[in-house]
Amino acid sequence: MCALPLAAAAVTAPRTQLRLLGRGLAAAMSTARPLKSVDYEVFGRVQGVCFRMYTEDEARKIGVVGWVKNTSKGTVTGQVQGPEEKVNSMKSWLSNVGSPSSRIDRTNFSNEKTISKLEYSNFNIRY
């Protein structure tokens, strides 16, 4: 595998197919810019409104990894990892958008840190 970052490889060899299919999203992101990890908890009307399903879908669209789950106190909690700009997009979605029937009162973010590699290979719902 070329030591060049993915963007540089694409520019220098636009006709060469990048071989990331077998390695997945985590491998693709590991060669990119610095990675971030953040834990979150969403408060409001976020259970019984497909919040986890929409969160999983949005995370996959944005291109971040991690997880989401309901808590016993009526909130939704989880973790997001990926390039900083993608993590920030997901943080904005978790704070302001959510599922169509949800009402987000507030979202708390904690343990935000730079990481050297992703701990997950995809984004999923935990039970």
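In this structure the side chain of Ile104 reaches within 4.5 angstrom of the side chain of Phe51, judged on heavy atoms. Contact of the Thr77 side chain with the Trp67 side chain is registered, since non-hydrogen atoms from C-beta on lie closer than 4.5 Å.
With sequence neighbours left out, Tyr40 forms a ring-ring contact (aromatic ring centres under 6.0 Å, His included) with no residue at all. Lys73 pairs by the side chain to side chain donor-acceptor pair (under 3.5 Å) definition with Glu41, not counting sequence neighbours. Checked against side chain to side chain donor-acceptor pair (under 3.5 Å), Thr71 has the following partners two or more places apart in sequence or in another chain: Thr75. For Asn70, the side chain to side chain contact (heavy atoms under 4.5 Å, CB included) partners at least two apart in sequence or on another chain are Gln47, Arg52, Val76. A search for salt bridge (Lys or Arg N to Asp or Glu O under 4.0 Å) contacts involving Lys69 returns nothing, not counting sequence neighbours. Listed by chain and residue number, nothing satisfies the salt bridge (Lys or Arg N to Asp or Glu O under 4.0 Å) test with Glu58 (two or more places apart in sequence, or in another chain). For Ser95, the side chain to side chain contact (heavy atoms under 4.5 Å, CB included) partners at least two apart in sequence or on another chain are Thr107, Phe109. When the side chain to side chain donor-acceptor pair (under 3.5 Å) test is applied to Ser37, the partners found at least two apart in sequence or on another chain are Gln81. With sequence neighbours left out, Thr114 forms a side chain to side chain donor-acceptor pair (under 3.5 Å) with Lys36. For Asp39, the side chain to side chain contact (heavy atoms under 4.5 Å, CB included) partners at least two apart in sequence or on another chain are Gln79, Ser110, Asn111.
Note that the CG atom of Leu94 and the CG atom of Asn108 stand 11.5 Å from one another [nearest 0.5 Å]. Here CG of Asn124 is found 12.5 Å from OG1 of Thr55. Values are rounded to the nearest 0.5 Å. Note: Lys61 NZ to Trp93 CH2 = 9.0 Å, rounded to the nearest 0.5 Å.
The 12-atom threshold is exceeded at CZ of Phe43, counting heavy atoms of other residues, nucleotides or ligands nearer than 6.0 Å.
Between Phe123 and Val65, the shortest heavy-atom distance links the atoms CD1-C, 3.5 Å. Ser102 and Ser99 get closest at one heavy-atom pair: OG-O, 2.8 Å.
The backbone N or O of Asn88 sits nowhere less than 3.5 Å from a side-chain atom of Ser92 that would complete a donor-acceptor pair.
Judged as a salt bridge (Lys or Arg N to Asp or Glu O under 4.0 Å), the pairs with a partner in residues 88-112 (not counting sequence neighbours) are, in order, Lys91-Glu112, Arg103-Asp105. Among residues at least two apart or in separate chains, there is no salt bridge (Lys or Arg N to Asp or Glu O under 4.0 Å) pair with a member in residues 118-127.
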